[in-house]
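Remember, predicted model here, so these are calculated numbers, not experimental data.
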Amino acid sequence: IEHNADTILEEVGIEFRNHPRSLELLRDAGCDVDGERVRFPRGLARSIVRTNAPRQYTQHARNPARSVEIGGDHTVFAPNYGSPFVFDLDRGRRYASIEDFRNIVKLAYLSPHLHHSGGTVCEPVDIAVNKRHLDMLDAHLRYSDKAFMGSVTAGERAADSIEMARIAFGGDLRDDTGRERTVLSSLINASSPLVWDDTMLDAAETYAAANQACIISPFILSGAMAPTTAAGVAAQTLAEALAGMSFCQLVRPGAPVVFGSFASSMSMATGAPTFGTPEPAIVLYTVGALARRLGVPFRSGGSLTASKLPDAQAAYESASTIQPTVLAGVNFVLHAAGWMEGGLAVGYEKFMLDADQLGMMMKLGRGLDITENGQAFSALREHQPGDHFLGTAHTLANFETAFYRSGLADNSSFEQWTEDGGTTAAERANAAWKQALADYEPPPLDESIGAELTEYVARRKSEMPDQIG
């Protein structure tokens with residue numbers, strides 16, 4: 001697959017559209033540039049990435065206790081991204097608003113199983129396209145103190161993201177050595193097949209130049225934007241990602257990059273994307289191995305479904321995606337909670353159900369405990385044949401944490417469940433998100449920083465008329 005990817009880069013090439021700066025950098029690095037088509041000598045892209053890109057990096061959060069390590073043996077869960085619609089049992093499906101955006105940020109902040117605040121957790125369509133990134137960033141900084149993602153829909157919006165992060169971090173992103181701390185990890189999507197466009201390249205260049213992380217992600221519907229086979233998808237994914245990551249390293253050697261892969265199957269009858277199927281899981285495992293061989297962090301997977309409701313289809317498709325995600329060792333997991341309808345909607349109940357499952361995945365990811373306590377030999381030694389273990393000292397010492405306890409699953413008897421109202425999982429999740437938001441308290445934010453953020457957002461909005469693109 002690595003050989004095939006190098007052949008794609010060498011013989012077919014990648015288009016870098018409407019971005020002369022990228023063509024100049026790549027030509028100077030030794031690439032063959034023909035118009036906007038860039039061909040990489042065999043091995044060049046891999047060499048650029050391996051020589052310069054870090055294997056792991058720290059994304060600093062506003063609250064240092066919530067900073068995350070991305071890469072190595074770490075898995076970071078982040079919520080849904082990019083949906084124009086939201087769904088809940090009370091109001092159904094509707095366009096997302098800034099209130100919904102703030103609610104999802106709050107729920108992610110409250111969940112112990114989501115390590116990251118994410119980025120565009122939904123699209124607040126009640127705010128102009130060219131201004132909404134300011135309100136979204138403000139929400140991440142006010143209503144959470146976890147690490148977050150920046151805007152990528154224009155280079156100047158990426159610059160706004162960096163400036164607002166600088167304000168939130170007390171006016172200076174530099175560490176004691178004078179190097180900018182990485183406080184943003186932002187999603188840079190390829191226009192698959194084999195194209196990088198100027199919008200994404202502008203954002204990537206802005207972030208990389210400031211030492212902010214770029215999640216370089218080919219976005220592929222197998223059969224439409226890549227071949228139907230897993231090996232073909234993996235080769236194309238690797239080629240596109242190598243080209244994007246190389247560009248970032250040429251902008252600034254050592255800037256953090258993440259090898260991203262979003263690959264879904266599709267209905268060959270209708271063209272609709274499908275989720276929870278075996279083929280994308282095979283791609284996920286394969287590209288995870290390619291990322292480890294390359295020596296960079298890996299992004300993929302999530303809790304993905306095509307279902308329009310928080311129902312059985314949503315559950316089994318999401319489970320069939322999140323389990324390979326964890327078992328493949330994915331380092332950064334976008335769409336880990338809330339995704340519905342192929343990404344068109346984020347669901348409040350789905351968010352709560354997914355977050356509960358993420359707690360289970362965290363327990364699974366820790367693997368086998370072979371410490372002295374984990375081996376439980378004291379209990380085995382004192383136990384008599386035929387006796388139960390409920391009264392042993394080891395059981396009494398471990399019973400509170402021995403097994404994952406779901407906050408939403410009902411394990412009671414039928415009679416007890418009936419007496420308690422006979423609720424479905426979605427109904428219990430509905431009550432849970434409402435209670436969480438009712439109990440929400442914002443993290444501390446220095447008053448002067450809050451005022452400066454407010455002033456910055458107001459000033460930037462006043463400098464431009466409303467636009468729809």
Side-chain angles (χ1 to χ4, degrees), residues 1-17 31-32 36-47 49-50 187-197 200 215-247 257-302 304 306 317 320-321 323-325 327-330 334-335 342-343:
I1 290 171
E2 290 170 343
H3 176 85
N4 292 346
D6 274 340
T7 302
I8 293 169
L9 289 168
E10 183 179 38
E11 296 183 7
V12 182
I14 307 288
E15 289 200 1
F16 286 74
R17 291 184 178 170
C31 293
D32 174 34
E36 294 184 327
R37 184 76 62 90
V38 178
R39 293 177 174 87
F40 292 73
R42 183 169 292 273
L44 176 62
R46 177 173 297 274
S47 175
V49 174
R50 274 187 163 169
L187 181 62
I188 308 295
N189 280 327
S191 295
S192 303
L194 305 179
V195 173
W196 285 100
D197 66 37
M200 292 292 103
I215 305 170
I216 304 295
S217 290
F219 186 97
I220 290 174
L221 300 183
S222 303
M225 299 149 71
T228 59
T229 61
V233 171
Q236 181 181 317
T237 298
L238 178 57
E240 292 176 359
L242 280 170
M245 290 187 287
S246 295
F247 168 69
V257 290
V258 177
F259 181 170
S261 169
F262 184 98
S264 82
S265 49
M266 64 178 288
S267 167
M268 300 307 288
T270 67
T274 55
F275 300 93
T277 53
E279 297 82 9
I282 294 169
V283 172
L284 194 157
Y285 283 119
T286 304
V287 180
L290 293 170
R292 285 189 290 276
R293 285 170 59 83
L294 185 60
V296 291
F298 179 47
R299 170 259 162 158
S300 195
L304 309 181
E317 289 181 347
S320 295
T321 310
Q323 288 191 22
T325 300
L327 296 177
V330 174
L334 201 56
H335 314 307

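Closest heavy-atom contact between W196 and G244: NE1-N, 3.7 Å. In plain terms, the two heavy atoms of A239 and L9 that are nearest each other are O-CD2, 3.4 Å. Here the shortest heavy-atom pairing between P218 and A190 reads CA-CB, 3.8 Å. The two residues F275 and S264 come nearest to each other via the heavy atoms CE2-CB, 3.7 Å. Across all their heavy atoms, P280 and A263 have their closest contact at CB-O, 3.3 Å. When all heavy atoms are compared, the tightest approach of A235 to A5 is O-CB, 3.5 Å.
Checked by atom type, the side-chain pair S246/R46 shows no donor-acceptor distance below 3.5 Å.
In this structure, the side chain of T325 engages the main chain of G302 through a donor-acceptor pair within 3.5 Å. Looking only at distances, a side-chain donor or acceptor of E240 sits under 3.5 Å from a matching main-chain atom of L194. S261 places no side-chain N or O within donor-acceptor distance of the main-chain N or O of S300, the cut-off being under 3.5 Å. Using modelled atom types, no side-chain atom of Q236 and backbone atom of P193 make a donor-acceptor pair closer than 3.5 Å. No donor-acceptor distance shorter than 3.5 angstrom exists from the side chain of R37 to the backbone of D32, with no hydrogens or angles considered.
Within the 4.5 Å cutoff, side-chain heavy atoms of R42 are placed close to those of T7. Proximity of Y285 to P324: side-chain heavy atoms (C-beta onward) are separated by under 4.5 Å at one or more points.
Under the 30°/60° scheme for interplanar angles, the aromatic rings of F40 and F16 are found to be tilted.
Taking CD1 from I216 and CZ from R299, the interatomic distance works out to 11.5 Å, rounded to the nearest 0.5 Å. Distance CG/L187 to CE/M200: 7.5 Å, rounded to 0.5 Å. Rounded to the nearest 0.5 Å, atoms CG (L242) and CD1 (I14) are 9.0 Å apart. To the nearest 0.5 Å, the span separating CG on L284 from CD on E279 amounts to 13.0 Å. To the nearest 0.5 angstrom, F262 atom CZ is 7.5 Å from L221 atom CG. With values rounded to the nearest 0.5 angstrom, T237 atom OG1 is found 3.5 Å from I220 atom CD1.
Using a 4.0 Å cut-off between a side-chain N of Lys or Arg and a carboxylate O of Asp or Glu, E10 and R39 do not qualify as a salt bridge.
Residue S265 is tested with T277, T228, V233 for a side-chain contact (heavy atoms from CB on, under 4.5 Å); the sole match is T277.
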- For L294 and L290, run side chain to side chain contact (heavy atoms under 4.5 Å, CB included): C-alpha distance rounded to whole Å, both residues' side-chain angles, the deciding distance at 0.1 Å, then the answer. CA-CA 6 Å; L294 185 60; L290 293 170; over 6 Å; no

